[in-house]
Amino acid sequence: MSMIVQANPGAGYRALKAEIDDAVARALSSGWYILGNELRAFEAEFAAWLGVPAVIGCGNGTDAIALALRGLGIGAGSTVVTVSHTAVATVAAIEMIGATPLLIDIDPVHYTMDPDALRRVLEEPPPGVPPIRAVLPVHLYGQPADLDRIVPLCRQHKVALIEDCAQAHGARLHGQRVGTFGDAATFSFYPTKNLGALGDGGAVAVSDPDLATRIAALRQYGWHKHYISDEVGVNSRLDEVQAAILRVKLPYLDRQNARRATIAAAYTEALASTPLAAPAQRDGASHVFHLYVTRSRERDRFQAVLKAAGIGTGIHYPMPVHLQPAYAGRVALGPAGCAETEAAAREVLSLPLYPELTDAEVETVCAALKTLLRDN
Ligand SMILES: *Cc1c(COP(=O)(O)O)cnc(C)c1O
């Protein structure tokens, strides 16, 4: 019996192989491999799809966060508030530019930044950290964070808002796409993301044209003009081959997100009779199910049972950032701590979810959820 895997970027390639192969051949034949027509076209197409004036491609989603922060003038001497329940990249990017991360807890129902914890640190910043200059909520698993409360808090306290959209390409809140609510938004095109390249890639979306110009310079040594650095930049470019691949995949993204939602709905129905809790959807939000994350105190046992039935699962994430060896004991935490984050890390379990899962495979997973979990 072949295993049903949790994510499958190879299936995403095979589904569009002829079109992707043509696009790669076109990019290779062009003789121009970095910052050329494919990237310019992708940046314009992604900006139009998202509904923002400007998109700047870069090397990966981690660099996108770092470039957005630097573009907004944030660096050493600034604190950036984010969550500990995220891909470590979110926090790594803050430290890359010399800023101080301040990690706060999540709302245990939606797994995104707890606005009450945010309000508390904005009203009373913990002693010993530099001034808070930015807030970086993560639309984790494809679910919009609570922007209804986070946006006004950022405005009131005059701090920048950067949305980490690495898991949420296409998610909406009250009909508006995430990535259009803040001062900047960052995307990853890592192969397993909802819009994935076949290698590394990332982008920053902004509405201020001056900010766009600055970030475009920062991604290439701080050049506004060739070979002249007006400020110190980095090298983080989205190459022509990846841009050509992303141009093929972008027109399929909304359909693929709809397929993810259909599979998610089938799982939610199957889970109704089981001790494994289905994920909640925020009111007014459309979730794009980068991951379908269930929850149980008996997570480890259920994971083993599913594995024995040929169903691969994942844990996103097994250890909060503030407990990881590289960060433990030195990264700043909000005064309320991160108890919900720590509980989630012990209990979450991600089921197989990618658009190319067949109806038969989805049915196999649903049947396993119903019978195995009831009987074990
Ligand atoms: C994937 C991811 C990133 C980083 O993206 P890379 O392209 O791997 O650098 C950042 N934040 C979140 C929430 C992610 O899931």
Side-chain angles (χ1 to χ4, degrees), residues 6-7 9 12 42 46 55-70 80-97 99 101 103-104 106 110-113 134-145 147 150 161-171 178-179 182 184-205 215 219 234-239 242-243 245-246 249 257 260 287-293 314-322 324 326-327 341 344-345 348 350 353-354:
Q6 195 269 312
F42 173 67
F46 193 67
V55 163
I56 305 101
C58 64
N60 55 68
T62 311
D63 286 353
I65 299 169
L67 287 166
L69 289 168
R70 275 211 53 198
V80 179
V81 182
T82 192
V83 287
S84 190
H85 187 62
T86 183
V88 74
T90 311
V91 181
I94 295 168
E95 292 200 330
M96 262 170 66
I97 53 121
L103 305 184
I104 61 174
I106 51 166
H110 305 100
Y111 302 108
T112 52
M113 180 178 278
V135 176
L136 180 50
V138 181
H139 303 305
L140 199 74
Y141 307 152
Q143 166 112 283
L147 296 170
I150 294 170
L161 171 60
I162 296 133
E163 299 172 71
D164 182 344
C165 301
Q167 302 191 1
H169 318 66
V178 301
T186 64
F187 291 85
S188 165
F189 306 121
Y190 182 78
T192 61
K193 307 286 178 169
N194 290 41
L195 178 61
L198 301 177
D200 274 313
V204 186
I215 291 171
R219 80 173 159 191
V234 296
N235 175 5
S236 182
R237 299 174 296 215
L238 177 59
D239 71 69
Q242 297 306 331
I245 292 167
L246 289 165
K249 295 181 90 176
N257 281 342
R260 286 176 183 269
H287 190 316
V288 291
F289 291 100
H290 172 59
L291 296 168
Y292 185 94
V293 178
I315 296 175
H316 302 90
Y317 294 89
M319 191 183 280
V321 175
H322 69 276
Q324 297 185 20
Y327 298 90
T341 294
V348 291
S350 309
L353 188 53
Y354 51 92

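Just follow the structure's listing: the first ligand is 1, and inside any ligand the first atom is 1. Side-chain atoms are counted along with the backbone in the values below, which use heavy atoms only and exclude waters and symmetry mates.
- Between His169 and Val288, the closest side-chain pair of non-hydrogen atoms is not below 4.5 Å.
- Contact annotation for Thr86 and ligand 1: only side-chain heavy atoms (C-beta onward) come within less than 4.0 Å of the ligand.
- Atoms of ligand 1 lying under 4.0 Å from at least one heavy atom of Ala89, given by number and element, are 3 (C), 4 (C), 10 (C).
- Formation of a donor-acceptor pair under 3.5 Å by the Thr186 side chain with backbone atoms of Gly61 is not found in this model.
- Nearest to atom 5 (O) of ligand 1 by heavy-atom distance, out of Ala166, Ser188, Ala64, is Ser188.
- Scanning the protein heavy atoms around atom 11 (N) of ligand 1, the nearest turns out to be Asp164 OD2, 2.8 Å.
- At least one donor-acceptor pair under 3.5 Å links the side chain of Ser84 to the backbone N or O of His322.
- With hydrogens and angles disregarded, a donor-acceptor distance shorter than 3.5 Å links the side chain of Tyr141 to the backbone of His316.
- Taking the side chain as every heavy atom from C-beta outward, Leu136 and Val81 never approach each other to under 4.5 Å.
- Annotation for ligand 1: atoms under 4.0 Å from non-hydrogen atoms of Gly61 are 4 (C), 5 (O), 6 (P), 7 (O), 9 (O).
- Separating the CD atom in Gln242 from the CG atom in Asn60 is a distance of 12.0 Å, to the nearest 0.5 Å.
- Ligand 1 places these atoms under 4.0 Å from at least one heavy atom of Asn60: 7 (O), 9 (O).
- Interface of Val138 with ligand 1, defined as ligand atoms under 4.0 Å from a residue heavy atom, comprises 13 (C).
- Using a 4.0 Å cut-off to heavy atoms of Thr62, the atoms of ligand 1 that qualify are 4 (C), 5 (O), 6 (P), 9 (O).
- In summary, the atoms of ligand 1 found under 4.0 Å from a heavy atom of Ala87, numbered by their order in the structure, are 12 (C), 14 (C), 15 (O).
- The protein non-hydrogen atom at the shortest distance from atom 2 (C) of ligand 1 is Lys193 NZ, 2.7 Å.
- Note: Leu140 CG to Leu291 CG = 7.5 Å, rounded to the nearest 0.5 Å.
- Between Asp200 and ligand 1, no pair of N/O atoms sits closer than 3.5 Å.
- The aromatic rings of Tyr317 and His85 sit perpendicular, their planes meeting at an angle over 60°, well past the 30° parallel limit.
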